[in-house]
Every structure is written in structure tokens, then in C-alpha cells.
Amino acid sequence: MKDFSKRSFRSDEEFDELCFEFGLELDEITSEKDIISREQGDQKASEASDVVLYKIDVPANRYDLLCLEGLVRGLQVFKDKMEAPRYSRVNPLNGDPQRLIITGETASVRPHAVAAVLRNITFTPERYDSFIELQEKLHQNICRRRTLVAIGTHDLDTISGPFTYTAKAPDDIRFKPLNQNQEYSATQLMGFYKTDSHLRHYLHIIEDEPLYPVIYDSNGIVLSMPPIINGDHSKISVNTKNVFIECTATDLTKAKIVLDMIVTMFSEHCDQPFTVEEAEVVYPDGRMVTYPELAYRTETLSADYINSKVGINETAESIAQLLTRMCLKSEVTSDGAEIQVEIPPTRSDVIHACDIMEDAAMAYGFNNITRTTPRTYTVANQFPLNKLTELLRLDLATAGFTEALTFALCSQEDIADKLQKNLKDTKAVHISNPKTAEFQVARTTLLPGLLKTLAANRKMPLPLKLFEISDVVLRDESTDVGARNSRRLCAVYYNKTPGFEVIHGLLDRVMQLLEVKPGRNHGYYIQAAEDSTYFPGRCAEIFSHGKSIGRLGVLHPDVINSFELTMPCSALDIDIEPFL
Amino acid sequence: MADTGILESLLRLVDKVDGGIDSQVVASSLGVDHQVVVGAVKSVQALGEVIEAEQRSSKHWELTGEGQEIAEQGSHEARVFKAIPEEGLSQSQLMKLPSGKVGFSKAMSNKWIHLDKGHEGGPRVFRMVESIEDVVRKKLQQVQMGHSSQLEEKEKNELKKRKLLTEVTVKSYWITKGSNFSTIITKQETELTPEMIASGSWKEKKFKPYNFDAMGVAPDSGHLHPLMKVRTQFRQIFLEMGFTEMPTNNFIESSFWNFDSLFQPQQHPARDQHDTFFLSDPAVAHDFPQDYLERVKKVHSEGGYGSQGYKYDWKIEEAQKNILRTHTTAVSARMLYKLAQQEEFTPVKYFSIDRVFRNETLDATHLAEFHQIEGVVADYGLTLGDLMGVLHQFFTKLGLNKWVEVGNSGVFRPEMLLPMGLPEGVSVIAWGLSLERPTMIKYGINNIRELVGHKVNLQMVYDSPVCRLDS
């Protein structure tokens, strides 16, 4: 997550250090000019601003640091320059609260809505941009690209309540959308926005629904058609004084957080800073709830908890001070044993005492914590399958074969058609959302990867001798997920002659390493087999202790061709798990 | 090898002169071709410090074939002049002479002859002067005698233009006595043989010196892949630190173990189709530990264990979805759950290094699959100070402290550990990093495709050095 803030510090180092102390990472120091010149070339950048921009990485769940208002507030509290403000919900000075009535039709598509009013706000061009930018960041982030929550902000002086949140058939919704000159039906709009580089990403959320969500004012003016677009009538501008905010949602918890976040961040610019005018939401069952929640919660924990989790030894008072600097206003209880921590509505990320512990550690300074060694006494063990793999890899390299490292994912063609096998017989697991054919299935054999490695290295001196010991994936009904890995050893010999004796010799060597002697009953042997991947009469099945463990042979010329190879090639492919 | 006679004659010449002698001079004094002398010099050099030979190059002028003809028979114009008797010669007859065409125009421009076009019986050529001096021939004869320096550059260049002279570069050696100078040649042996050892004849032999500047013959061998060499080193580091290896041989994982058990909410962006590979077949997992699953559901949707939870509608259908695991932490979760089922808790240190999968946009440093390195410590009373201490030890073994930046670390949340049934006071610290990133830094590779996958150049594998992370 990035944030651009336009400010100047005495030195970049100073700001970098402050960010680090506050748990943020100063990613980059740049300017609009730099960005444009990097992306579009110097010429286009000549007009752009060269005001310094700090690009900051913000932890994913710190929505309170997404805009300049919140970031500056957080840093000022952290540096003891101000006290954390107390956010409060107030009644309108005259008249009743704004009211949003939800009808039953919304249940099938987007059942929740919350609302609030920012009264007597003063925008400047910078504040206005920041307001729009915060909504966009929230949309991309906690709102999950508007699927969970969609935000609409309106100039309250252009509309009149009560407002109705309902759902209607697309052809029954008609309005002039934001920044357009004419009215469209919702059906037309969905077509119109198909080519919009921004809005087309949200169409799928309601496209196939029989009813589309829509919000009207008491005169039938359309405020918005969430989560796609607002109406043009109620659009806000830098001159807007009173803002009506509605959030429609499929997840009520997230909607409340989003509303809290917008009003806590921007109530700073209201005539009565940090106050938010309440709005009433009436549910189809008649229930009425007042928003924004702006809930404060108190957690009680001991200094010992913080000290023992962080590995420090601070008094309760000093921990309370640390937490207060992190906007978590804290007090030591009268008996001195515990700390009461107040979690403000801006810190929806604090859901457990461990989050408070982390903030205490951050305020204390990670670099000030003494590094210690856990006294945990344990004896190390290798995973037996990996231990065997490590030993065999070394000996295969010693035997003159070079290790390849190929992908576990591949195309269906790689494991079926190209090996002259039927896909249905492969026991492959299939990926439902591959971006390209390279990721259609998990490999069921290591052979295609090795053959592709040969193909990419055809210019290298012959013979090429390659091996890989790694996992393939097979369907297996007996496991909880319905699939299991199988550790395979695969080797190929590629030369002007097929070299069956070389690959056969490698099998003998592997068996010698595994202490399996040649023999029918308690040893290993090979026996002619039919396999469409191999040249007829040049394939054998390998048995060890009476069980089939794999195959070896000379590859079929059609297989060689399908991997764009030109020389004869022999291969060995065995399962090593029976030798554990 | 050139025959011994030439070698010894060469050495005798070198012996006689003071300071040194040019191989060209040797050639002319021995009356042999210069190339023979060059061969002899090289043969003698191979015998050790008998002579020293410094290569030189010199330029000198030589007559061309036509130039030689002129030096012998006179220039074309002179020959034309001589061919014309008192009474003159018809032009057509003159042109039939070998030097006719060239000689005529040159002799005309020298004003040695004139042409009477109106002569009866056709155009006729007459001498204009009594006698001539054949300057061209004289100059060429001077060059032939090795006196080219007596001519002016301008004159030589003019003759070069007429293709009578050429300038040749001659490579020769300046030969001086070496530290082991001798005029007698001893034949040198190339290699020690079993016969020499048996007979002791090696004692009398001289052996041809080896050229130690040449490369040896590459041994016929197999090679381990560099990424796997680094993996071996990381395994070694964990084992040295007392960490037990986890069984990570299960690429297919349920969303439950990969996400839900780690207290990752079901709407988390990482669970998006754009980031994770989902399976169509087998699409869903079964057989979850039922009690545990209920506890996970509850902590997500309602909270508990001191947590507010995420307060959303947790769905088993989401948890059942099979995926290609996005991190090996899914295995850590299974291991910690298993640990929690023990009668009595015992502290553990676990590690794994194995493949994980992301349905991401590919670029120079990101592939759809990579290896994740993971370390986990579970014990009573572990602190953030312990986490930082273990990390410090681990990265010190890697040899570079700044490598901390390539990884992630943290303490597992109580909402993950307590539903598993781990005791209240047990903390679990963990860290992870990719195997590819430090390997690329170690081997100076900028594009991950040059390191992993079937497109890698085997020469890179053949040439990769041993991996010592701490040096």
C-alpha cells in the first residue's frame, strides 16, 4: 500500500527515521516529474511538478494511515505534538437526523447500508483530492474492489431526505450518471461502461443480478447506483459544505469500519472539528440504527503481559505512555496493577491484546529491545524422504548426471499428448484459474520438464545427461484434499545413439546405492513392457521386491519430435518412496 | 621439429655474434627460407632457456613480378624506344610489341618519340632524342639490391602506384643467447613413461617443459543445480541450530489449512483468484478435524480467546476449496495442530524449504512457483526479543545481516494458536524468506528465469561454484 504525502522535512533521513519508529517504511523519495519521466519519458515530464513526494508503505490493515490527514495526525500524536482527538457523533443543530430507509428488495443483492453527514466542512483543492483519494484506496482495499462495500458521497444541499435504498430491475432505473450529459437506463449504463478502463472492473458485481441496488432522495433523484456509479445531480465539489455519505455493503462490519474511517479522517475540516452528524438507517423490519458507530472500546491488560510478550521490563505508567503515543489512550488502574487501553474507532485493526502489545513494542522501538536466545532445547531431525533425496542427488551427480530444476506446474499437453498418453489416465490434478496454459495441471511425471530442459540446451556438447529428484502430484482419494505428492527420480540420456545401456547402468547404480541386489524375489529386475511414450520393444518395467517402481527405455521418436528434439534419447523414471 | 642440422647451425651463428642476430639475417646467411629459420627458433625455444627470441616486425620494399621484369629488361618505354630504328616504325607494328601499349604512351609523355600521323603508309613513330636514361629500371635495380632507402618516399610511392613495387611487412625474431645457451642439441622427452621408470633412463633425459598457461582438460562429471546447492546450505544451517524438518511434500492444500487456520479472513485479497491457484479437480477437501473447524469458524465470525474476531459470515464452502499452497505455513499450521493434540506440550523448533505457488503476474523476479524457507519455534514465554535473537543468529550464519530485508517474521496470533488447543502461555515465533532471492544475490543472477525452470542454460549449472553462504 502506498501513500504520497506532500511535505518537506528538514532532511530525508529524519523522515525515514520517523517512519521507521512509527512502524512504516519510507519506500521511495520521488516527485511527479520523476514518476512521469520514468514511465513515459523525460519529454512528457517537463511540465510536471517537482515537489518532493514521500512514498510510504503502510501496513495493510492500518486504514487510518491511508490519507495525509490520518498520517499527520498519527505522527503528531506519536511525537507528543498533540493529543489524540476524541471523535463524537452529534445531533443536527436544527431538525431531525437524515434518514436512509432500506427496502426488502436489497436483500438479494446488497443488503446493508450505513450513512452519516459531515456538516459545515471546508474543502480546499488539496483536501478535496485527499477525500476522493481516500475513498478510492478504501475501495481497492478493505472494500475488496467494491464487492464488500461501496462508498457514495453527495452534496447534501442538492438533495432532500429521507433517502430510500432499494433494488430495481435495470430497465426501471434511469438517471444521469456522474460527469455525463444525458440520462441512461441502468441496462444502457452497463453497456456504456464496458469500455471504461476504471468502472468496467466493477460491473461483474451486479451484472447478472435481476435487481440492481439504487438510492433515491425524497424527490426521486438518484444518488447512486452502488457499487458502480453516483448520480451527477448530487456530485460534490471543492465548494460543497455538507456531505452526505452512504456505504452499501454485503459485509456490515466492513461498512461500519469504512464509514468510521471516512468521517474520522475528514471531520477534521468541519467547523466543529472531529464531530460527525448522525444519520438513521431504517431496516425493512422496522428496526432503526444510528450511524456512524464511532465506538470506543476498552481493553484491560497487565504490564506483565506486555513485558513478557515483548521481552522488556517497563513500569505500567511507562507502558501506558507508550500506548497513548500510538493513539491508544491508556491509564493505569488505581491499584497500579493493570492498564486500561481505549481503542478508538480509527483502530479497527486492534482486535486482540496482542495488537496492543505490538503497538507498545513499536513505540518502545524494536531496535531498543534486547535480543535474546530462546532456551528451547530440541534435537534436530531430518525428514527421512528429504534425507534420502539429498543423498541420492549427490550420488547421481557423482555418476556424471547433471541436476535440472523444472516447474511443478505445466500444460495438459506436456503430461498427455506430448508423451502420447491419454489425459484421463494421468491422475493429474487440474487448476481452475490458470492465466496461461503453462499452469493447467501439476506435473504427474518429471519427464516433460527434463525433455524441455534438453530442448532449451540443444546447442550444448553431447551427450547430455540430466536428472531431477522432486515431487509430482497425483489424485488420491485417500487423503483429505484428494491428492498427494510422490517423490520421483527421473534421468535422461540424449546423444547420437540411444544409450539404453547408459540409462540401464544408471538404474543398476541407483539400486546398488539403495542396497537392492539384482534378483526376482527380494531384489530388482526389469521386464519388457508396452508404453506409448517409449519406442516399441525398447521399454521395460522396473520391479523391486516384487512391486513395480517405474520404467526405463528409449523414447518414442514421436515423443522426441513433440519436444522439438532431434537425437535419440533414453529415460529412467522411478518412484523412490518405496525405499524409505 | 626442424632437423638438428639447421638448429645447430642457427645456434653456432648466435654464438658467433655479439648482442644478437635477426632471423632474416640467419636465413640469408644459411641460404634457407625465412620460415625454416622461424621453425628452428621455435624448436630451440621449446628446449628451455637455450635462446631468447623477441618478435619484431619490419617493413621493406620488394619488386613485384612486373617490377622484376623491368629491372632485368628495362622499362616498357625504354624497350619501345630501343625497338624504333632510325627510319622509324609504323604505329601498328609498334603496338604489337609486348611493351607496345604502355611503353608508347609513357615514351610519348617523356618526349622520347613522336608520332607522324600523316606519314604515307599509315601513322609512323620516330625517335626524338639520340639516347635515353632508363630511370625507372635504375630505381628498381636499386631496390632489388636492397638499397631502397636511397630512393625518396615519393619515388617509391609512384612506383607502387605503377604496381612495380610493394611494401611488405616481415615478422622476424631477434635472437639472443639464453641462460642455458649451448650449441649442442639434446633431444627432449615429452612424457615420463613406465619404461623410463623401470630402466632409470629418466635420469639422463631432458623433458620438454609444460605450458602452464594453458587450461587443463575439464573433468567428465555431473553437476548439482545451484539453487539446490543453496537449499542444502539452508538445511544445514537449520539442522545446526537444532530445527527439525517438516514434511512439506503436499503441494495441494485446502483453503482451511492454508488460510482459515492461520486466522486469515475469507475476504482477504490473498484468497483472490488473481493471487491463488484454485483446483477444479479435486475441487474440495473433506475430513477436517470437526471440533477444531468449529473453533476456527467461531474465532473468525464471533471472536473469542480475547479477540473481537472479524465478525463476518464464515463459510465452510470457502474453507473447503482446494488450492496449490501459497506458503509452507499451511504445513506449519498442521504441525502445530498436531503438536497441540499431544498429551503434554513439548517445545519444538521446525523448519522447511519447499515449493509454494502464486497465481501472480510474472516478471524478472517473480515466477508462479518458488521455494519458501520457513523457521518456527514454539515454547512457553517466547518474546519479541527472542524472535529478534533467533533471526540474528540465523542471518549471521548466512553471513549478511542485510538479508533480513528479504524475509518476513512475526509472532503467530492467539486466534490461530488457541483454537488449535495449544496451552495459553505458549508463543510461536516464525520467519520466512524465499530461497530464490538469496541465491540470485549469491550468484549474481538478475533474471529468475536464468536460475529456475527448463529454460536455464546448462552451462550456468556446469560453471556454478560451491555454495558457502557465510563467505
Side-chain angles (χ1 to χ4, degrees), chain A residues 144 148 251 253 308-311 351-354 361 369-374 376 378-383 385-386 390 393 396-409 429-435 439 442 449 452-453 456-457 460 465 471 473 475 480-485 487, chain B residues 220-225 227-228 232 239 242-247 249-254 267 273 277-282 285-287 306-308 311-312 322 347-349 355 359 368-369 377 379 381-386 388-390 392 413-415 452-455 457-459 461-462:
Chain A
R144 301 288 294 116
L148 301 181
D251 181 321
T253 309
S308 68
K309 290 286 177 191
V310 179
I351 58 172
H352 190 279
C354 71
I369 300 170
T370 309
R371 291 171 186 162
T372 47
T373 304
T376 310
T378 51
V379 174
N381 288 305
Q382 301 185 52
F383 180 49
L385 181 59
N386 290 359
E390 285 285 295
R393 285 176 52 242
L396 283 182
T398 313
F401 281 71
T402 290
E403 186 175 33
L405 178 65
T406 67
F407 297 127
L409 305 184
V429 304
H430 292 257
I431 294 165
S432 65
N433 58 333
K435 281 181 185 146
F439 312 122
K452 288 195 278 186
T453 308
N457 285 279
M460 297 292 289
K465 299 194 271 186
D471 284 349
V473 182
R475 294 202 49 159
D480 59 344
V481 296
R484 67 176 167 88
N485 284 21
R487 182 89 24 113
Chain B
D220 194 9
S221 73
H223 308 265
L224 293 173
H225 192 281
L227 189 77
M228 296 294 100
T232 301
L239 292 170
F243 283 66
T244 284
E245 194 171 26
M246 291 187 273
N249 55 334
N250 60 322
F251 295 166
I252 309 302
E253 191 53 276
S254 62
Q267 309 88 344
Q273 297 272 334
F277 286 113
F278 288 85
L279 294 197
S280 56
D281 183 24
H286 305 277
D287 300 331
S307 175
Q308 300 293 307
K311 297 186 176 124
Y312 71 99
N322 272 337
V348 295
K349 293 193 292 202
R355 294 184 197 236
N359 195 10
E369 55 187 276
V377 185
D379 200 354
L382 295 175
T383 66
L384 287 179
D386 288 334
M388 288 164 60
V390 174
H392 180 72
R413 296 186 68 92
E415 294 100 321
V452 187
H454 57 265
K455 285 187 182 142
N457 184 349
L458 285 175
Q459 195 63 49
V461 179
Y462 293 168

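Just so we're clear, the structure is a prediction, and the values are computed from it rather than from any experiment. Letters A, B, ... mirror the listed sequences (proteins, then strands); counts begin at 1. In what follows, every heavy atom counts, from backbone to side chain, and hydrogens, waters and symmetry copies are set aside.
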With chain A, the option among B:Lys455, B:Glu253, B:Lys311, B:Arg413 that has the most non-hydrogen atom pairs under 4.5 Å is B:Arg413
Does the side chain of A:Thr453 come within less than 4.5 Å of B:Leu458's, by heavy atoms?
yes
Partner chain A: residue of B:Met246, B:Met388, B:Gln459, B:Gln308 with the largest heavy-atom pair count (under 4.5 Å)
B:Gln308
So which residue, B:Pro247, B:Gly389, B:Ser280, B:Ala285, ends up with the most heavy-atom pairs under 4.5 Å with chain A?
B:Ser280
Looking only at A:Leu409, A:Thr370, A:Ile369, most heavy-atom pairs under 4.5 Å shared with chain B are made by A:Leu409
With a 4.5 angstrom heavy-atom cut-off, which part of A:Arg484 approaches chain B: side chain, backbone, both or neither?
neither
Check whether B:Leu227 gets within reach of chain A through its side chain, its backbone, both or neither, counting any heavy atom under 4.5 Å.
side chain
Criterion side-chain contact (heavy atoms from CB on, under 4.5 Å) on A:Asp471 and B:Arg355, from CA distance to verdict:
CA-CA 10 Å; A:Asp471 284 349; B:Arg355 294 184 197 236; over 6 Å; no
Assert top hit (heavy-atom pairs under 4.5 Å, partner chain A, pool B:Asp281, B:Val348, B:Asp287) equals B:Asp281
Which atoms of A:Asn457 approach chain B - backbone, side chain, both or neither, heavy atom under 4.5 Å:
side chain
Residue, of A:Thr376, A:Leu148, A:Thr253, A:Thr398, that accumulates the most heavy atom pairs under 4.5 Å with chain B:
A:Thr376
Show the nearest heavy-atom pair for residues B:Pro282 and A:Val429, with the distance to one decimal.
CD-CG1, 3.6 Å
Which one, A:Leu396, A:Asn386, A:Leu385, leads in non-hydrogen pairs under 4.5 Å with chain B?
A:Asn386
With heavy-atom distances below 4.5 Å as the criterion, would you say the side chains of B:Val390 and B:Lys349 are in contact?
no
So which part of B:Val452 gets closer than 4.5 Å to some heavy atom of chain A, the side chain, the backbone, both or neither?
both
For the candidates A:Val379, A:Leu405, A:Thr406, A:Asp251, which exhibits the highest count of non-hydrogen atom pairs separated by less than 4.5 Å from chain B?
A:Leu405
Under the criterion side-chain contact (heavy atoms from CB on, under 4.5 Å), I'd like the reasoning laid out for A:Ile431 against B:Leu279: C-alpha separation, chi angles, the key distance, then a yes or no.
CA-CA 4 Å; A:Ile431 294 165; B:Leu279 294 197; 3.9 Å; yes
Side chain, backbone, both or neither: which part of B:Val377 has a non-hydrogen atom closer than 4.5 Å to chain A?
side chain
From the list B:Asn322, B:Leu382, B:Leu224, B:Asp220, the residue making the most non-hydrogen contacts under 4.5 Å with chain A is B:Leu224
Picking from A:Ala397, A:Gly311, A:Ala456, A:Gly482, which has the most non-hydrogen pairs under 4.5 angstrom with chain B?
A:Ala397
Side chain, backbone, both or neither of A:Ser308 within contact of chain B (heavy atoms, under 4.5 Å)
backbone
Examine whether an atom of A:Glu390 lies under 4.5 Å from a heavy atom of chain B, and if so say whether it belongs to the side chain, the backbone or both; otherwise answer neither.
side chain
Report yes if the side chains of A:Ile351 and B:Glu415 come closer than 4.5 Å at any heavy-atom pair, otherwise no.
yes
B:Phe277 versus chain A, the contacting section by heavy-atom distance below 4.5 Å
both
B:Ser254 versus chain A, the contacting section by heavy-atom distance below 4.5 Å:
both
A:Arg144 side chain vs B:Gln267 backbone, donor-acceptor pair below 3.5 Å
yes
Just give me the residue among B:Thr232, B:Asn359, B:Asn250 that pairs up with chain A most often, heavy atom to heavy atom, under 4.5 Å.
B:Asn359
Apply side-chain contact (heavy atoms from CB on, under 4.5 Å) to the pair B:Leu239 and B:Glu245, showing each step before the final yes or no.
CA-CA 8 Å; B:Leu239 292 170; B:Glu245 194 171 26; 5.6 Å; no
For A:Phe407 and B:His454, take the angle between the two ring planes, folded into 0 to 90°, and tell me which bin it lands in: parallel under 30, tilted 30 to 60, perpendicular over 60.
perpendicular
Are B:Phe251 and B:Glu369 side-chain neighbours, meaning at least one heavy-atom pair lies under 4.5 Å?
no
B:Gln273 meets the side-chain contact (heavy atoms from CB on, under 4.5 Å) criterion, sequence neighbours left out, with A:Asn433, B:Phe278
Find out whether A:Cys354 and A:Lys309 are in side-chain contact, i.e. whether some heavy atom of one side chain is under 4.5 Å from a heavy atom of the other.
no
